[in-house]
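Side chains included, hydrogens not; waters and symmetry mates left out as well; all remaining heavy atoms used. Below, read A as the first sequence line, B as the second, and so on, with proteins coming before strands; counting in each chain starts at 1.
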There are 2 protein chains.
Amino acid sequence: MEEQSEATGNGINNVQSLREVPIKSSEHAQRNSDEARQYDVNQYERPSVTVDVLMMSLRQRDLQILLIKRRSWPYENMWAIPGGFVNINESLEAAAKRELQEETGVQDVYLEQLYTFGDPGRDPRTRVITVVYFALLDSERLQLRAASDATDVDWFSVYELPQLAFDHQEIIEYALNRLRNKLEYTTIAFNLLPEQFTLRELQWVYEIILHKKLDKRNFRKKIVSTNILEDTGAKKMEGTHRPARLYRFNPAAEHKL
Amino acid sequence: MEEQSEATGNGINNVQSLREVPIKSSEHAQRNSDEARQYDVNQYERPSVTVDVLMMSLRQRDLQILLIKRRSWPYENMWAIPGGFVNINESLEAAAKRELQEETGVQDVYLEQLYTFGDPGRDPRTRVITVVYFALLDSERLQLRAASDATDVDWFSVYELPQLAFDHQEIIEYALNRLRNKLEYTTIAFNLLPEQFTLRELQWVYEIILHKKLDKRNFRKKIVSTNILEDTGAKKMEGTHRPARLYRFNPAAEHKL
DNA sequence: CTAATAGTGTCTCTAAGACATTATAGC
DNA sequence: GCTATAATGTCTTAGAGACACTATTAG
């Protein structure tokens with residue numbers, strides 16, 4: 001919808017690499033259209049392409065994202081969305097999965113392409129076009145490797161972000177919008193919960209992301225009416241009160257909210 | 001160990017470092033992780049980046065798109081979505097507008113980034129990542145330069161497409177989905193109509209894109225209730241029947257459907 | 001006066017939202 | 001029996017969809 005500018009940034013390449021860009025003769029033939037002729041690839045510099053991955057999870061009853069601290073110019077000491085170059089034989093999604101694996105060690109999580117940010121000048125070093133993905137991680141699996149001792153990688157509440165490098169603030173806002181919209185008409189929320197969960201926990205997901213309180217009875221009525229939940233029969237006992245039923249998401253009932 | 005290299009080294013930083021890798025010796029020393037070595041930008045080929053623009057318009061009471069005929073390998077003689085390389089100092093949106101201008105001569109039309117397609121192998125010549133935009137053109141303005149004598153540029157119904165090059169079939173399906181969805185909750189449809197139009201014409205836009213008949217009374221009731229239309233006072237007389245009121249879109253009333 | 005399309009209102013059904021009480025556990 | 005949270009139903013209102021007749025023009 002709206003055009004945003006680019007983002008990611010992480011660093012990128014240097015001038016040197018630009019000069020070194022190899023030219024494949026096969027590309028010679030490349031033309032995507034008549035116009036392509038005008039832009040013979042051999043005489044053009046190529047932008048760098050990176051994939052950034054916004055990893056989101058519910059932690060401490062808050063919507064948090066993983067950021068890394070930059071250690072050098074530009075935006076030294078500011079926080080940034082993790083990302084890296086796309087390998088020449090790697091799909092964009094594969095690059096995103098690689099990032100995810102490197103940062104969190106998790107696999108098989110929800111991953112969606114968000115938007116491509118490519119304004120010239122978003123990175124002062126060189127032209128970088130970034131394809132941004134976002135991932136939804138359930139906090140339970142994440143716990144496993146929660147304790148990173150790295151001081152330059154950390155989780156932040158989307159509601160209390162530090163100063164961000166490049167146009168990463170804008171990217172996060174864009175992602176939050178996407179997430180909020182999809183929450184309303186898809187079953188995306190379940191990706192933030194472990195396999196079994198209570199209705200209260202599900203409601204928290206919605207409340208935290210939409211950033212507003214929801215009515216308990218209306219919420220449950222709506223969710224139950226869709227038949228996307230399966231009662232596991234188990235209950236979650238915690239605290240000094242009535243235990244809550246544990247449910248499981250039933251993807252078979254691919255019902256749209 | 002592993003933990004450390006993943007969380008710290010690889011992850012982020014090194015990703016970052018990748019981007020920065022080259023040149024600053026200080027950084028070099030700082031991050032010398034395995035990954036950094038692997039992704040030293042200097043030894044990596046860069047993908048080509050193109051912007052393709054799917055130009056859509058209502059013509060002959062049909063939803064049509066502009067395609068160009070390829071004249072050489074690969075996909076010789078097949079039809080493709082127009083596109084071209086992104087100039088090194090040009091934003092993605094600017095590149096899309098340039099394409100649009102080159103192909104149709106129109107400016108100031110609705111333009112939206114659709115998705116980025118980048119699977120290796122989608123183009124047999126080299127790695128090409130394409131950022132796809134779609135544009136909505138109102139047929140009236142388009143008439144002006146409707147008569148292109150180029151035999152390799154033509155409009156096609158999205159419902160009767162020729163054989164398409166690359167993954168362009170998939171791209172068109174993706175765009176059609178996006179358009180259909182947005183039709184329901186935005187005022188995007190007005191971009192396909194000239195400044196003044198009748199309610200029947202507006203209904204055609206919906207019917208053609210959604211590919212189904214709508215109820216006349218319900219449709220009008222809904223549109224009118226949003227207050228996004230302004231009666232121009234003028235009427236459109238054509239044929240031997242009661243003339244229809246001409247309306248104009250009132251963007252001030254940014255009402256969501 | 002005929003042909004062709006514009007324009008209009010009611011009823012039903014479903015979904016969203018407001019709202020308060022009882023149930024069950026630990027201690 | 002006290003505290004804390006789980007679980008549950010009704011009413012009102014708004015919007016979606018089904019549905020048929022009158023109005024206005026050219027010829």
Side-chain angles (χ1 to χ4, degrees), chain A residues 61 180-187 189 193-194 196-248 253 255-257, chain B residues 58 60-61 180-187 189 193-194 196-248 253 255-257:
Chain A
R61 234 169 256 183
R180 282 177 178 154
N181 288 331
K182 285 214 157 182
L183 212 58
E184 315 264 18
Y185 65 93
T186 71
T187 56
L193 289 171
Q196 297 194 8
F197 51 86
T198 68
L199 281 175
R200 190 64 188 87
E201 289 165 342
L202 182 60
Q203 190 177 334
W204 274 325
V205 176
Y206 279 80
E207 289 182 338
I208 291 166
I209 295 174
L210 298 178
H211 213 47
K212 67 178 181 191
K213 290 234 173 290
L214 300 176
D215 179 86
K216 190 205 258 193
R217 279 172 294 186
N218 292 338
F219 179 79
R220 294 159 99 99
K221 199 192 336 173
K222 176 172 173 164
I223 296 293
V224 170
S225 76
T226 62
N227 288 319
I228 49 180
L229 292 192
E230 211 175 82
D231 192 335
T232 63
K235 303 207 169 187
K236 181 164 197 168
M237 320 262 197
E238 67 174 359
T240 166
H241 55 80
R242 178 170 176 179
R245 279 180 151 88
L246 279 165
Y247 292 87
R248 159 189 314 125
H255 183 103
K256 295 299 167 212
L257 302 180
Chain B
L58 289 179
Q60 303 151 238
R61 233 168 256 185
R180 283 176 178 156
N181 287 331
K182 287 213 155 181
L183 213 58
E184 314 265 17
Y185 65 92
T186 72
T187 56
L193 289 172
Q196 299 195 7
F197 51 87
T198 68
L199 281 175
R200 191 63 189 91
E201 288 165 344
L202 182 59
Q203 188 176 336
W204 274 325
V205 176
Y206 279 79
E207 290 182 338
I208 290 166
I209 296 175
L210 298 177
H211 213 46
K212 67 178 182 192
K213 290 232 172 294
L214 299 177
D215 180 85
K216 188 204 262 192
R217 278 170 295 185
N218 292 338
F219 179 79
R220 294 160 97 100
K221 197 191 338 171
K222 178 171 172 165
I223 297 292
V224 170
S225 76
T226 61
N227 288 319
I228 49 181
L229 292 192
E230 213 177 82
D231 192 336
T232 63
K235 304 207 169 189
K236 181 166 197 166
M237 322 261 195
E238 67 175 355
T240 166
H241 54 80
R242 179 170 175 177
R245 279 179 150 88
L246 278 165
Y247 293 88
R248 157 188 316 124
H255 183 103
K256 294 299 168 212
L257 302 180

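- Distance, A:Arg245 CZ to D:dA6 P: 13 Å, rounded to whole Å.
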Polar-atom pairs under 3.5 Å, protein N or O versus N or O of nucleotides 12-14 of chain C: list them with distances, or write none.
none

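- Within the structure, the side-chain hydrogen bond (donor to acceptor under 3.5 Å, both in side chains) test picks out the following pairs touching residues 234-244 of chain B (sequence neighbours left out): B:Glu201-B:Lys236.
- With rounding to whole Å, A:Phe219 atom CZ is found 16 Å from C:dA15 atom C1'.
- Sorted by residue number, the members of residues 229-242 of chain B with any non-hydrogen atom under 4.0 Å from DNA chain D read B:Gly239, B:Thr240, B:His241, B:Arg242.
- In this entry the distance linking CD of A:Glu207 with P of D:dT5 reads 14 Å, nearest Å.
- Protein atom CZ of B:Arg220 is 16 Å distant from nucleotide atom P of D:dA23, rounded to whole Å.
- Every pair passing ring pair (Phe, Tyr, Trp, His ring centres under 6.0 Å) that includes a residue from residues 214-234 of chain A is listed here, sequence neighbours excluded: A:Tyr206-A:Phe219.
- For A:Asp215, the side-chain contact (heavy atoms from CB on, under 4.5 Å) partners two or more places apart in sequence, or in a different chain, are A:Arg217, A:Asn218.
- Rounded to a whole Å, the OH atom of B:Tyr247 is 10 Å from the C1' atom of C:dA6.
- Judged as a ring-ring contact (aromatic ring centres under 6.0 Å, His included), and not counting sequence neighbours, A:Tyr247 has no contacts.
- For B:Glu207, the side-chain hydrogen bond (donor to acceptor under 3.5 Å, both in side chains) partners two or more places apart in sequence, or in a different chain, are B:Gln203.
- Applying the salt bridge (Lys or Arg N to Asp or Glu O under 4.0 Å) test to every pair with at least one member in residues 221-230 of chain A, sequence neighbours left out, gives these pairs: A:Glu230-A:Arg248.
- If you take CG of B:Leu246 and C1' of D:dT25, they are 15 Å apart, rounded to a whole angstrom.
- Rounded to whole Å, atom C1' of D:dA6 lies 16 Å from atom CD1 of A:Ile223.
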Can you build the contact string for nucleotides 11-21 of chain D? Use B for base contact, S for sugar-phosphate-only contact, and - for no protein heavy atom under 4.0 Å.
-----SBBBB-
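- Partners of B:Arg180 under the side-chain hydrogen bond (donor to acceptor under 3.5 Å, both in side chains) rule, at least two apart in sequence or in another chain, are B:Tyr159.
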